[in-house]
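Worth saying up front: this structure is predicted, and the values here are computed from it rather than measured. Note on naming: letters A, B, ... go to the chains in the order of the sequence lines (proteins, then strands), and numbering restarts at 1 for each one.
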Amino acid sequence: NAGVTQTPKFQVLKTGQSMTLQCAQDMNHNSMYWYRQDPGMGLRLIYYSASEGTTDKGEVPNGYNVSRLNKREFSLRLESAAPSQTSVYFCASRKGGSTDTQYFGPGTRLTVL
Amino acid sequence: QKEVEQDPGPLSVPEGAIVSLNCTYSNSAFQYFMWYRQYSRKGPELLMYTYSSGNKEDGRFTAQVDKSSKYISLFIRDSQPSDSATYLCATSKGTYKYIFGTGTRLKVLA
(Lines give C-alpha, C1' and ligand atoms only; values in the text may rest on other atoms or scores of the structure.)
Protein backbone atom coordinates (compact mmCIF):
# COMPACT_ATOMS: atom_id res chain seq x y z
CA ASN A 1 0.00 0.00 0.00
CA ALA A 2 1.50 3.31 -1.08
CA GLY A 3 -1.20 5.28 0.77
CA VAL A 4 -1.56 8.80 -0.65
CA THR A 5 0.88 9.77 -3.39
CA GLN A 6 1.44 13.21 -4.91
CA THR A 7 3.28 14.39 -8.00
CA PRO A 8 5.36 16.38 -8.53
CA LYS A 9 7.34 16.79 -5.29
CA PHE A 10 8.69 20.20 -6.32
CA GLN A 11 7.73 22.73 -8.96
CA VAL A 12 8.78 26.23 -9.92
CA LEU A 13 6.43 28.27 -12.09
CA LYS A 14 6.47 31.74 -13.54
CA THR A 15 3.53 34.06 -12.90
CA GLY A 16 0.72 33.26 -15.32
CA GLN A 17 1.76 29.68 -16.03
CA SER A 18 -0.60 26.82 -15.39
CA MET A 19 -0.07 23.41 -13.88
CA THR A 20 -1.88 20.44 -12.39
CA LEU A 21 -0.97 18.75 -9.14
CA GLN A 22 -1.80 15.07 -9.09
CA CYS A 23 -2.98 13.00 -6.14
CA ALA A 24 -3.85 9.32 -5.91
CA GLN A 25 -4.80 7.00 -3.05
CA ASP A 26 -4.92 3.23 -2.99
CA MET A 27 -6.89 2.80 0.25
CA ASN A 28 -10.34 2.76 -1.37
CA HIS A 29 -11.20 5.96 0.48
CA ASN A 30 -14.33 7.88 -0.43
CA SER A 31 -13.37 11.47 0.31
CA MET A 32 -10.32 13.42 -0.79
CA TYR A 33 -8.96 16.85 0.07
CA TRP A 34 -6.53 19.50 -1.08
CA TYR A 35 -4.85 21.76 1.49
CA ARG A 36 -2.22 24.42 1.36
CA GLN A 37 0.19 25.00 4.24
CA ASP A 38 1.82 28.37 4.81
CA PRO A 39 3.96 29.53 7.74
CA GLY A 40 1.80 30.81 10.58
CA MET A 41 -1.41 29.90 8.75
CA GLY A 42 -1.60 26.18 9.33
CA LEU A 43 -3.39 23.86 6.94
CA ARG A 44 -6.15 25.53 4.96
CA LEU A 45 -8.66 23.59 2.92
CA ILE A 46 -8.80 24.52 -0.77
CA TYR A 47 -11.29 21.99 -2.14
CA TYR A 48 -12.64 18.64 -1.13
CA SER A 49 -14.51 15.78 -2.70
CA ALA A 50 -16.87 13.96 -0.37
CA SER A 51 -17.32 11.14 -2.85
CA GLU A 52 -16.60 10.28 -6.44
CA GLY A 53 -18.39 12.72 -8.71
CA THR A 54 -18.71 15.57 -6.21
CA THR A 55 -16.46 18.50 -5.34
CA ASP A 56 -16.92 21.45 -2.99
CA LYS A 57 -15.08 24.62 -2.13
CA GLY A 58 -13.12 24.89 1.06
CA GLU A 59 -11.75 27.92 2.85
CA VAL A 60 -9.43 29.26 0.10
CA PRO A 61 -10.68 28.09 -3.35
CA ASN A 62 -9.94 31.23 -5.41
CA GLY A 63 -7.43 30.61 -8.21
CA TYR A 64 -7.83 26.82 -8.12
CA ASN A 65 -9.92 24.17 -9.81
CA VAL A 66 -10.21 20.48 -9.04
CA SER A 67 -11.22 17.27 -10.75
CA ARG A 68 -12.21 14.03 -9.08
CA LEU A 69 -11.19 11.82 -11.97
CA ASN A 70 -12.29 8.57 -10.32
CA LYS A 71 -12.36 7.17 -6.81
CA ARG A 72 -8.55 7.02 -6.63
CA GLU A 73 -7.51 10.33 -8.16
CA PHE A 74 -8.10 13.97 -7.27
CA SER A 75 -6.21 16.69 -9.13
CA LEU A 76 -5.70 20.38 -8.36
CA ARG A 77 -5.21 22.86 -11.19
CA LEU A 78 -3.75 26.34 -11.11
CA GLU A 79 -4.91 28.06 -14.29
CA SER A 80 -2.80 31.21 -13.97
CA ALA A 81 -0.31 30.94 -11.15
CA ALA A 82 0.36 33.92 -8.88
CA PRO A 83 3.17 34.48 -6.34
CA SER A 84 0.52 34.28 -3.57
CA GLN A 85 0.08 30.61 -4.50
CA THR A 86 3.63 29.80 -3.43
CA SER A 87 3.01 27.19 -0.78
CA VAL A 88 3.23 23.53 0.16
CA TYR A 89 0.22 21.61 -1.10
CA PHE A 90 -1.04 18.48 0.61
CA CYS A 91 -3.57 15.98 -0.58
CA ALA A 92 -5.45 13.85 1.96
CA SER A 93 -8.02 11.09 1.86
CA ARG A 94 -10.53 9.64 4.28
CA LYS A 95 -12.57 6.47 4.11
CA GLY A 96 -15.77 8.03 5.37
CA GLY A 97 -18.00 7.84 8.38
CA SER A 98 -17.80 10.13 11.35
CA THR A 99 -15.25 8.03 13.22
CA ASP A 100 -12.63 7.96 10.50
CA THR A 101 -9.84 10.43 9.93
CA GLN A 102 -7.68 11.90 7.17
CA TYR A 103 -4.41 10.50 5.83
CA PHE A 104 -1.98 12.83 4.12
CA GLY A 105 0.36 12.61 1.17
CA PRO A 106 3.98 13.82 1.25
CA GLY A 107 3.24 17.23 -0.28
CA THR A 108 4.20 19.32 -3.31
CA ARG A 109 6.40 22.36 -2.80
CA LEU A 110 5.37 25.02 -5.30
CA THR A 111 7.18 28.28 -5.92
CA VAL A 112 5.68 30.91 -8.21
CA LEU A 113 8.12 33.57 -9.35
CA GLN B 1 -10.79 34.73 16.34
CA LYS B 2 -9.55 31.48 14.87
CA GLU B 3 -11.68 28.42 15.55
CA VAL B 4 -8.64 26.53 16.80
CA GLU B 5 -5.75 28.26 18.57
CA GLN B 6 -2.35 26.70 19.09
CA ASP B 7 0.87 28.18 20.44
CA PRO B 8 3.46 27.99 17.62
CA GLY B 9 6.42 27.49 19.94
CA PRO B 10 9.16 26.54 19.46
CA LEU B 11 9.20 24.42 22.57
CA SER B 12 12.60 23.01 23.58
CA VAL B 13 12.86 20.28 26.22
CA PRO B 14 15.62 17.92 27.39
CA GLU B 15 15.44 14.26 26.47
CA GLY B 16 13.29 12.32 28.93
CA ALA B 17 11.07 15.26 29.84
CA ILE B 18 7.28 15.16 29.84
CA VAL B 19 5.94 17.38 27.09
CA SER B 20 2.56 19.07 27.19
CA LEU B 21 1.10 20.46 23.95
CA ASN B 22 -2.20 22.31 23.98
CA CYS B 23 -4.95 23.75 21.80
CA THR B 24 -8.11 25.66 22.50
CA TYR B 25 -11.17 25.74 20.28
CA SER B 26 -14.20 27.96 20.13
CA ASN B 27 -17.03 25.88 18.67
CA SER B 28 -18.79 23.57 21.11
CA ALA B 29 -20.13 21.56 18.16
CA PHE B 30 -16.71 19.99 17.61
CA GLN B 31 -16.86 16.34 18.61
CA TYR B 32 -13.74 14.76 17.15
CA PHE B 33 -10.20 15.70 18.07
CA MET B 34 -6.97 14.67 16.41
CA TRP B 35 -3.27 15.17 16.87
CA TYR B 36 -0.97 14.96 13.87
CA ARG B 37 2.82 14.88 13.87
CA GLN B 38 4.67 16.49 10.99
CA TYR B 39 8.37 16.05 10.46
CA SER B 40 10.23 18.69 8.49
CA ARG B 41 9.38 18.58 4.78
CA LYS B 42 6.95 15.69 5.25
CA GLY B 43 3.17 15.31 5.31
CA PRO B 44 1.24 15.23 8.59
CA GLU B 45 0.74 11.75 10.06
CA LEU B 46 -2.04 10.85 12.45
CA LEU B 47 -0.87 10.35 16.00
CA MET B 48 -3.98 10.30 18.16
CA TYR B 49 -7.72 10.41 17.60
CA THR B 50 -10.36 10.95 20.28
CA TYR B 51 -14.08 11.40 20.35
CA SER B 52 -15.75 13.75 22.84
CA SER B 53 -14.23 14.24 26.28
CA GLY B 54 -11.77 12.07 28.14
CA ASN B 55 -8.32 10.58 27.81
CA LYS B 56 -6.77 8.22 25.31
CA GLU B 57 -3.38 6.61 25.75
CA ASP B 58 -1.10 5.04 23.16
CA GLY B 59 2.37 4.13 24.37
CA ARG B 60 4.16 7.30 25.44
CA PHE B 61 1.38 9.52 24.10
CA THR B 62 -1.79 10.61 25.91
CA ALA B 63 -4.49 12.77 24.36
CA GLN B 64 -6.86 14.60 26.64
CA VAL B 65 -10.04 16.49 25.77
CA ASP B 66 -11.89 18.80 28.16
CA LYS B 67 -15.04 19.91 26.38
CA SER B 68 -16.19 22.06 29.29
CA SER B 69 -13.21 24.37 28.83
CA LYS B 70 -12.75 23.65 25.10
CA TYR B 71 -9.19 22.55 25.70
CA ILE B 72 -7.28 19.68 24.10
CA SER B 73 -3.88 18.41 25.14
CA LEU B 74 -1.23 15.96 24.03
CA PHE B 75 1.24 14.62 26.57
CA ILE B 76 4.46 12.91 25.57
CA ARG B 77 6.25 10.92 28.27
CA ASP B 78 9.95 10.14 28.21
CA SER B 79 10.43 12.41 25.20
CA GLN B 80 13.05 11.41 22.64
CA PRO B 81 15.00 13.41 20.05
CA SER B 82 12.97 11.52 17.42
CA ASP B 83 9.86 13.28 18.78
CA SER B 84 11.21 16.57 17.44
CA ALA B 85 8.58 17.69 14.96
CA THR B 86 5.64 20.03 14.55
CA TYR B 87 2.46 18.84 16.25
CA LEU B 88 -0.87 19.87 14.77
CA CYS B 89 -4.18 19.63 16.57
CA ALA B 90 -7.36 19.28 14.53
CA THR B 91 -11.08 19.18 15.26
CA SER B 92 -14.17 18.17 13.39
CA LYS B 93 -17.92 18.16 13.86
CA GLY B 94 -17.95 14.72 12.29
CA THR B 95 -18.41 16.06 8.80
CA TYR B 96 -15.91 16.23 5.98
CA LYS B 97 -14.24 19.38 7.15
CA TYR B 98 -11.42 19.48 9.65
CA ILE B 99 -10.13 22.64 11.30
CA PHE B 100 -6.40 22.58 12.01
CA GLY B 101 -4.32 24.53 14.48
CA THR B 102 -1.21 26.24 13.15
CA GLY B 103 1.07 23.69 14.84
CA THR B 104 3.58 23.73 17.70
CA ARG B 105 7.23 23.11 16.88
CA LEU B 106 8.86 20.78 19.42
CA LYS B 107 12.58 20.19 19.81
CA VAL B 108 13.81 17.47 22.15
CA LEU B 109 17.47 17.98 23.02
CA ALA B 110 19.74 14.95 23.47
Give the cluster check for [X] versus [Y]: same hydrophobic cluster or not, with ILVMFWY residues linked at side-chain heavy-atom distances below 4.5 Å.
X	Y	result
Phe75(B)	Leu11(B)	no
Met19(A)	Tyr47(A)	yes
Leu21(A)	Ile46(A)	yes
Met34(B)	Tyr87(B)	no
Met32(A)	Phe104(A)	no

Could you measure the distance from the [atom1] atom of [X] to the [atom2] atom of [Y]? Nearest 0.5 Å is fine.
X	Y	atom1	atom2	answer
Glu59(A)	Phe100(B)	CD	CZ	11.5 Å
Met41(A)	Lys2(B)	CE	NZ	6.5 Å
Gln38(B)	Phe90(A)	CD	CZ	4.5 Å

- Message: With chain A as the partner, which of Lys42(B), Glu45(B), Arg41(B) has the greatest number of non-hydrogen pairs under 4.5 Å?
- Response: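 Looking at each of Lys42(B), Glu45(B), Arg41(B) in turn, Arg41(B) comes out on top.
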- Message: Using heavy-atom distances under 4.5 Å, tell me whether Pro8(B) contacts chain A through its side chain, its backbone, both, or neither.
- Response: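 When you check distances to chain A, no heavy atom of Pro8(B) falls under 4.5 Å.
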- Task: Go through Gly107(A), Gly105(A), Ala50(A) and name the one with the most non-hydrogen pairs under 4.5 angstrom from chain B.
- Result: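 Result: the option with the highest number of such pairs is Ala50(A).
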- Considering only heavy atoms and a distance below 4.5 Å, find which of Leu43(A), Val4(A), Leu45(A), Asp38(A) pairs most often with chain B.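 Ranked by heavy-atom pairs under 4.5 Å with chain B, first place is Leu43(A).
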- Item | Contact summary for Gln102(A) and Tyr36(B), nearest pair of heavy atoms |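 Smallest interatomic distance, heavy atoms only, reads O-OH, 2.8 Å.
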- Task: Dump the intermediate steps for side-chain contact (heavy atoms from CB on, under 4.5 Å) on Tyr48(A) and Lys97(B), then the final yes or no.
- Result: CA-CA 8 Å; Tyr48(A) 69 100; Lys97(B) 293 184 181 179; 3.5 Å; yes
- Please state whether the side chain, the backbone, both or neither of Arg44(A) comes within less than 4.5 Å of a heavy atom of chain B.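 No part of it gets close to chain B.
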- So Tyr33(A) and Tyr98(B), would you call those rings parallel, tilted or perpendicular, with 30° and 60° as cut-offs?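 Correct class here is tilted.
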